[in-house]
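Below is one structure; the comments refer to it alone.
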Amino acid sequence: MTKIEILGTGCAKCKRLFANAEEAVKNLNITAEVIKVEDLDAIVEAGVMLTPALFINGELRAEGRVPCVEEIMTMLKE
């Protein structure tokens with residue numbers, strides 16, 4: 001199963017990225033776990049300097065920006 005993590009403090013951009021990730025999963029009709037990580041220590045531990053950040057299966061795919069639904073869908077297909 002695919003694991004998608006959204007790292008951020010809960011700002012508007014973080015919420016939009018979470019919604020985009022959920023929409024991408026829905027559009028692709030795949031099984032994925034979409035998780036919000038708002039703990040500052042966990043974010044720092046992951047090496048994230050700019051939020052929001054998108055991790056797919058433990059790999060950093062976007063940092064400091066909000067990829068659109070289509071871009072996330074492309075990432076999930078790779």
Side-chain angles (χ1 to χ4, degrees):
M1 176 170 42
T2 303
K3 182 177 179 180
I4 302 169
E5 295 172 283
I6 310 301
L7 283 69
T9 57
C11 66
K13 286 183 179 181
C14 300
K15 291 175 183 174
R16 192 164 70 240
L17 178 54
F18 185 81
N20 287 358
E22 286 188 318
E23 185 70 22
V25 168
K26 180 180 160 191
N27 289 349
L28 290 173
N29 196 28
I30 61 172
T31 302
E33 181 180 18
V34 184
I35 303 168
K36 277 187 195 176
V37 178
E38 296 181 350
D39 179 57
L40 197 53
D41 290 333
I43 293 169
V44 171
E45 193 174 297
V48 172
M49 296 303 216
L50 296 170
T51 59
L54 171 67
F55 281 80
I56 298 176
N57 292 328
E59 181 183 344
L60 178 62
R61 301 303 304 266
E63 183 177 9
R65 65 185 186 89
V66 180
C68 66
V69 174
E70 292 77 18
E71 185 179 354
I72 297 171
M73 289 171 62
T74 300
M75 292 175 188
L76 290 170
K77 291 178 188 175
E78 294 174 353

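- For Glu59, the side chain to side chain contact (heavy atoms under 4.5 Å, CB included) criterion is met by Arg61, not counting sequence neighbours.
- Listed by first and then second residue, the side-chain hydrogen bond (donor to acceptor under 3.5 Å, both in side chains) pairs involving residues 19-32 amount to none (not counting sequence neighbours).
- Partners of Glu33 under the side-chain hydrogen bond (donor to acceptor under 3.5 Å, both in side chains) rule, at least two apart in sequence or in another chain, do not exist in this structure.
- In this structure, Val66 shares a hydrophobic cluster with Ile4, Ile6, Leu17, Phe18, Val25, Leu28, Ile30, Val34, Leu54, Ile56, Val69, Ile72, Met73, Met75, Leu76, the cluster being traced through Ile, Leu, Val, Met, Phe, Trp and Tyr side chains under 4.5 angstrom apart.
- Side-chain heavy-atom separations under 4.5 angstrom define the hydrophobic clusters, and Leu40 shares its cluster with no other residue.
- Contact record, Cys14 with Gly8: SG-CA, 3.4 Å, taken as the closest heavy-atom pair.
- Every pair tested for salt bridge (charged side-chain N to carboxylate O under 4.0 Å, His left out) that includes a residue from residues 37-51 fails, sequence neighbours excluded, so the list is empty.
- Listed by chain and number, the residues in a side chain to side chain contact (heavy atoms under 4.5 Å, CB included) with Ala46 are Leu7, Val48, Phe55 (sequence neighbours excluded).
- Among residues at least two apart or in separate chains, there is no salt bridge (charged side-chain N to carboxylate O under 4.0 Å, His left out) pair with a member in residues 3-19.
- Legend: residues meeting side-chain hydrogen bond (donor to acceptor under 3.5 Å, both in side chains) with Glu71, ordered by chain and number and at least two apart, are Arg65.
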